[in-house]
Number of protein chains: 2
Amino acid sequence: MRSKGLTKEIIIAEAVMYIEESGHSTISLHELARRLEVKTPSLYNHIKNTKDLQHEVFRYAIDKFVANQNAAIAGRKKDDAIRAFSEAYYNFAMENKGLYRLIMSMPLDNDDMEKEMAVPLLETVINLLSDYGLHDEALAHWQRVLRAILHGFISQEDLGYFYYYKDVDSKKSREIAIQCFLNGLHAELGTI
Amino acid sequence: MRSKGLTKEIIIAEAVMYIEESGHSTISLHELARRLEVKTPSLYNHIKNTKDLQHEVFRYAIDKFVANQNAAIAGRKKDDAIRAFSEAYYNFAMENKGLYRLIMSMPLDNDDMEKEMAVPLLETVINLLSDYGLHDEALAHWQRVLRAILHGFISQEDLGYFYYYKDVDSKKSREIAIQCFLNGLHAELGTI
DNA sequence: TATTATAACTAATGGTATTAGTTTATTAAA
DNA sequence: TTTAATAAACTAATACCATTAGTTATAATA
């Protein structure tokens, strides 16, 4: 019973499709096999294990996220770029919950390959801040601050921690945070 | 074969012990039963299901976190209190990874009881900012900003996103972020 | 044409949550 | 004191989940 024409690419594409549609960050091999109309163990002819599959979807998610960010900041500089970036970042996370959750649930501890894959995601912010002519250490700090704010907001909202003042506009909260960040960054520049 | 003296409290205590020791945010009923020297289904005489157990551990985690925060800000006001709070928040998350991860992986969407349980966690920050005499809407915004920064930093560091500039002190990054927040807050007060 | 590699399969193991039904000791009632 | 009810353990079973071992059929190659 050879060859229904299954390939690693088809498996990844189906997993991505499920994750994008459902908002879940994972898919079981059982469910994946069902959709592809094969038996679960057949998938192992193409992938090593679930971790392997997760890596492939992670790669896809990073690519899509980075492309989205680059499009958002094209032709922009400094504060304008940061504001556009922040908005794009938030919108991507909300419109691609599964992919964003996957990215933010991948611990890069052990695996050097995972770290490699995540680099472009860090570079977008570093690139963004390099317009300001900060020295290396300041760049490292402020890049962390921006990432923390952006992810922190999404994480809290996603978890449901914004229900408490649910009538208060969450977009305005984010704008306040970004303005706060920009003011801090400008103050930092004044000290150089 | 009645009564090895198992109670809901003992089960919760064992789950908490495992979560605190391992750093994982969950424990399987299988593992829990093994530790308590009973068979897995026996646990159902005391708990409803895993969600029920998770709620109980969540309640414990919130209590411990809030108590830690209150101790940290006792006798402090304004900026001093915010700095002490931020440091305590970070230290708690690092020293209680399992409990912190549990708190930050509990989606409060559907369940009103979960929302209730999480309220004290929001109130600590609101309480902290109430020293400044902000009006309600500003309080709601700035409370979100502080939460986002605090959690965002921990989340990014925990995930491994700080390896990129691993020689740059992460404590200094956090201090910059908090100073940035305080400056923003003071600027807000200037506009009232 | 015979061989080999591959891509599917079945069967099995072990971990996970959960439910149904059984046993038994203790507690409460008769 | 005997009896009945209850509660806390149990076994057995179902249903997912990942993974491995071993089987089979077919397509490509020697």
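Keep in mind that this is a model prediction, so the values were computed, not measured. Each chain gets a letter, A, B and so on, in the order the sequences are listed, and its residues count up from 1.
As a whole-Å value, the separation of B:Leu32 CG from C:dT16 P is 11 Å. Counting to the nearest Å, the P atom of C:dT23 and the CG atom of B:Asn45 are 16 Å from each other. We find that NZ of B:Lys39 is positioned 16 Å from C1' of C:dT23, with the value rounded to whole Å. With rounding to whole Å, A:Tyr44 atom OH is found 17 Å from C:dT13 atom P. In this entry the distance linking NZ of B:Lys48 with P of C:dT19 reads 10 Å, nearest Å. One interatomic measurement links the two molecules: CG of A:Asn49 to P of D:dA21, which rounds to 14 Å at whole-angstrom precision. Spacing between atom CZ of B:Arg34 and atom P of C:dA17 amounts to 14 Å, rounded to whole angstrom units. Atom C1' of nucleotide D:dC10 and atom CD of B:Glu37 are separated by 16 Å, given to the nearest angstrom.
Comparing the helix axis at one end of the helix from C:dT1-D:dA30 to C:dA30-D:dT1 with that at the other, each defined from 5 consecutive pairs, gives an inter-axis angle of 20° (nearest 10°).
Between A:Phe181 and A:Trp142, a ring centre-to-centre spacing shorter than 6.0 Å is recorded.
Residue A:His46 places no side-chain N or O under 4.0 Å from the OP1 or OP2 atom of C:dT6.
Minimum atom distance to the side chain of A:Thr50 is reached by D:dT19, of the listed D:dT19, D:dT11, C:dA7. Among the nucleotides C:dC9, D:dA18, C:dT16, the one closest to any side-chain atom of B:His30 is C:dT16. Closest to the side chain of A:Val38, from the set C:dT18, D:dT19, C:dA8, is C:dA8. Nearest to the side-chain atoms of A:Ser28 among the listed nucleotides D:dA18, D:dT19, D:dA12 stands D:dA18. The side chain of A:Leu29 has D:dT19 as its nearest neighbour among C:dA8, D:dT19, C:dT18.
A:Ser25 approaches A:Ile19 most closely through the heavy-atom pair O-CD1, 3.6 Å.
Among the atoms of the strands shown, base atoms are found under 4.0 Å from some heavy atom of B:Ser42.
Figure legend: cation-pi geometry between A:Arg144 and B:Tyr165 absent, as NZ or CZ is not positioned both under 6.0 Å from the six-membered ring centre and within 45° of its axis.
Two residues are said to be in side-chain contact when any heavy atoms from C-beta on lie closer than 4.5 Å; A:Arg174 and A:Leu150 fail this criterion. Taking 4.5 Å as the limit, every side-chain heavy atom of A:Leu29 sits out of range of all side-chain heavy atoms of A:Asn49.
The stretch residues 47-77 of chain B participates, sequence neighbours left out, in these ring-ring contact (aromatic ring centres under 6.0 Å, His included) pairs: B:Phe65-B:Tyr89, B:Phe65-B:Phe92, B:Phe65-B:Tyr100.
Side-chain contact annotation: A:Tyr90 with A:Glu157, donor-acceptor N/O pair under 3.5 Å present.
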